[in-house]
Protein chains: 2
Amino acid sequence: MGMERNTIQRRAVQRTIQEADRPLSPEEILAEGKRYCPTLGIATVYRTVKEFLADGWISPVRLPGDAARYEIAGKTHHHYFYCHRCARTSEVRGCPDGLHRLTPSGFKLEDHEVVLYGTCASCVREVKEGRKRK
Amino acid sequence: MGMERNTIQRRAVQRTIQEADRPLSPEEILAEGKRYCPTLGIATVYRTVKEFLADGWISPVRLPGDAARYEIAGKTHHHYFYCHRCARTSEVRGCPDGLHRLTPSGFKLEDHEVVLYGTCASCVREVKEGRKRK
DNA sequence: GTCGTTGCAAAGCGTTTGCAGCCTA
DNA sequence: TAGGCTGCAAACGCTTTGCAACGAC
């Protein structure tokens with residue numbers, strides 16, 4: 001694989017992505033990665049992510065209209081829930097039904113992407129707390 | 001509605017979006033709009049699009065990894081089929097079932113996006129033709 | 001004539017790249 | 001020690017904003 005030198009920075013990025021339970025944006029990788037390497041820079045994050053992508057070790061998660069996020073490759077098929085309040089992306093298991101029914105006749109369906117939008121559990125909780133205090 | 005003055009520029013943007021048979025990016029709106037107003041500037045396009053969005057006249061089309069595009073609002077709720085062969089985006093009516101079933105417990109589902117990927121009817125036909133000739 | 005609107009240019013913002021110095025092997 | 005790797009800062013492309021001039025009403 002492309003990694004020729006095993007540096008603190010690369011281990012930090014690798015570990016960060018590995019330990020995350022959701023796809024991370026470069027900025028999120030930087031913030032978390034600094035816990036393992038305080039001098040970590042954003043340029044290195046971008047360069048390392050690019051390398052890991054080329055290696056096939058991670059795969060890009062592209063939500064409509066949002067910056068790319070990255071997660072370990074080879075996970076089982078899944079989709080995403082995007083919280084518009086905290087901008088975090090959670091993983092969603094399973095697929096909706098009837099995708100083939102939607103496909104126009106004559107078209108060949110090969111893949112699909114589903115993104116759910118709304119408020120995540122912790123934000124729902126915070127909103128409720130906020131209302132109580134008023 | 002927000003439009004207080006009926007300027008050439010706004011009419012140009014409005015007409016461009018109205019006459020398009022597909023969602024347009026700001027850059028595409030600028031290029032087309034210049035046919036109706038040669039002095040049209042990109043800043044005005046962004047400002048006008050923002051206004052139209054606030055007015056509810058147009059709605060954003062968000063495809064994964066792609067820049068935002070805009071189309072006339074008020075169409076019935078729909079999704080998109082992206083053909084990876086000709087890179088065209090078709091409209092798909094209806095929604096899959098069981099979206100709520102996918103939503104993690106405690107989360108509040110407010111919206112969703114579905115993108116189908118595959119081969120469109122005319123590309124399916126072309127591929128078949130190609131095979132026959134062999 | 002007023003004042004909302006425009007076009008330019010500059011500023012933001014996220015991402016990429018050039019480069020001198022650092023550090024892994 | 002060599003040269004890949006890093007961090008800084010500048011460059012980039014797209015979008016937003018400040019401002020003086022313009023023009024719809």
Side-chain angles (χ1 to χ4, degrees), chain A residues 1-17 20 22-55 57-71 80 82-84 86-89, chain B residues 1-17 23-55 57-71:
Chain A
M1 110 165 157
M3 186 190 291
E4 305 197 1
R5 290 191 186 176
N6 182 17
T7 64
I8 301 172
Q9 288 83 351
R10 287 183 189 182
R11 282 197 300 274
V13 171
Q14 186 172 16
R15 203 173 153 187
T16 298
I17 296 175
R22 61 194 178 85
L24 300 181
S25 68
E27 211 58 52
E28 289 172 328
I29 295 171
L30 176 67
E32 281 301 302
K34 277 191 169 169
R35 290 184 4 198
Y36 304 125
C37 174
T39 68
L40 186 63
I42 187 67
T44 300
V45 171
Y46 277 105
R47 280 188 282 234
T48 308
V49 160
K50 215 170 180 180
E51 236 175 61
F52 286 169
L53 277 174
D55 293 344
W57 193 71
I58 60 176
S59 50
V61 174
R62 305 197 291 179
L63 299 195
D66 214 37
R69 287 153 200 271
Y70 305 92
E71 65 180 10
Y80 304 94
Y82 178 89
C83 175
H84 56 67
C86 66
R88 286 223 203 142
T89 302
Chain B
M1 95 171 169
M3 186 191 289
E4 306 197 1
R5 289 191 187 175
N6 183 16
T7 65
I8 301 171
Q9 288 84 350
R10 287 183 191 182
R11 282 197 301 272
V13 172
Q14 187 173 16
R15 203 172 153 188
T16 299
I17 296 175
L24 299 180
S25 68
E27 212 58 54
E28 289 172 328
I29 295 171
L30 176 66
E32 282 300 302
K34 277 191 169 167
R35 290 184 4 200
Y36 304 125
C37 172
T39 68
L40 187 62
I42 188 68
T44 298
V45 171
Y46 278 105
R47 279 187 285 233
T48 309
V49 160
K50 215 171 179 179
E51 234 175 64
F52 287 170
L53 277 174
D55 294 343
W57 269 53
I58 60 175
S59 51
V61 174
R62 316 177 285 186
L63 291 194
D66 221 27
R69 284 152 196 278
Y70 304 92
E71 66 180 9

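The sequence lines fix the lettering, A, B, ..., with proteins before strands; numbering per chain opens at 1.
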Enquirer: Please tabulate the protein-to-nucleotide N/O contacts below 3.5 Å involving nucleotides 2-4 of chain D, giving atom names and distances.
Expert:
| unit_1 | atom_1 | unit_2 | atom_2 | d |
| --- | --- | --- | --- | --- |
| D:dG3 | N2 | A:Arg5 | NH1 | 2.4 |
| D:dG4 | O4' | A:Arg5 | NH2 | 3.4 |
| D:dG4 | N3 | A:Arg5 | NH1 | 3.3 |

Enquirer: Over all heavy atoms of both residues, which pair between B:Ile58 and B:Val49 is shortest? Give the atoms and the distance, please.
Expert: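 Minimum heavy-atom contact is CD1-O, 3.6 Å.
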Enquirer: How far apart are the closest heavy atoms of A:Pro60 and A:Leu53, and which atoms are they?
Expert: CD-CD2, 3.6 Å
Enquirer: Looking at DNA chain D, which of residues 36-43 of chain A put a heavy atom within less than 4.0 Å of it?
Expert: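 Only A:Thr39, A:Leu40, A:Gly41, A:Ala43 qualify.
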Enquirer: Say whether, by atom type as modelled, one donor and one acceptor occur between the side chain of A:Thr44 and the main chain of A:Leu40 under 3.5 angstrom.
Expert: no
Enquirer: I want to check one thing: is the phosphate of C:dT6, taken as OP1 and OP2, less than 4.0 Å away from some side-chain N or O of B:Thr7?
Expert: yes
Enquirer: What are the two closest heavy atoms between A:Tyr80 and A:Glu71, and how far apart are they?
Expert: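 Closest approach of A:Tyr80 to A:Glu71: OH-OE2, 2.9 Å.
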Enquirer: Please tell me if the side chains of A:Val13 and A:Phe52 come closer than 4.5 Å, counting only heavy atoms from C-beta onward.
Expert: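 A:Val13 vs A:Phe52: side chains touch.
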Enquirer: Send over the distance from A:Lys50 NZ to D:dT6 P, rounded to a whole Å.
Expert: 14 Å
Enquirer: Between D:dC14 atom P and B:Glu28 atom CD, what is the distance in whole Å?
Expert: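 Taking atom P of D:dC14 as the reference, CD of B:Glu28 is at 13 Å.
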Enquirer: Please check: side-chain N/O of A:Arg10 versus main-chain N/O of A:Thr48, any donor-acceptor pairing under 3.5 Å?
Expert: no
Enquirer: Using a cut-off of strictly less than 4.0 Å, decide whether A:Gln9 has a side-chain nitrogen or oxygen near OP1 or OP2 of C:dC23.
Expert: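 Answer is no, no contact under 4.0 Å.
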Enquirer: Determine, for A:Glu28 against A:Arg88, whether the closest basic-nitrogen to carboxylate-oxygen distance falls under 4.0 angstrom.
Expert: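 Salt bridge between A:Glu28 and A:Arg88, a charged N being under 4.0 Å from a carboxylate O: no.
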Enquirer: Find the distance B:Ile8:CD1 to C:dT6:P and express it as a whole number of Å.
Expert: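 From B:Ile8 CD1 to C:dT6 P: 10 Å.
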Enquirer: In whole Å, what is the span from the CG atom of A:Asn6 to the P atom of C:dC22?
Expert: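 Going from CG in A:Asn6 over to P in C:dC22 covers 21 Å.
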Enquirer: Assuming nearest nucleotide by heavy-atom distance, tell me which of B:Thr44 and A:Glu27 is located more 5' along DNA chain C.
Expert: B:Thr44
Enquirer: Between B:Arg47 (CZ) and D:dG18 (C1'), how many Å, whole number?
Expert: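 It is 10 Å, rounded to the nearest whole Å.
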Enquirer: As an exercise, state the distance from CZ of B:Arg47 to CD1 of B:Ile42, rounded to the nearest 0.5 Å.
Expert: 11.0 Å
Enquirer: A:Gln9 versus A:Thr39: any side-chain heavy-atom pair under 4.5 Å?
Expert: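 A side-chain contact under 4.5 Å exists here.
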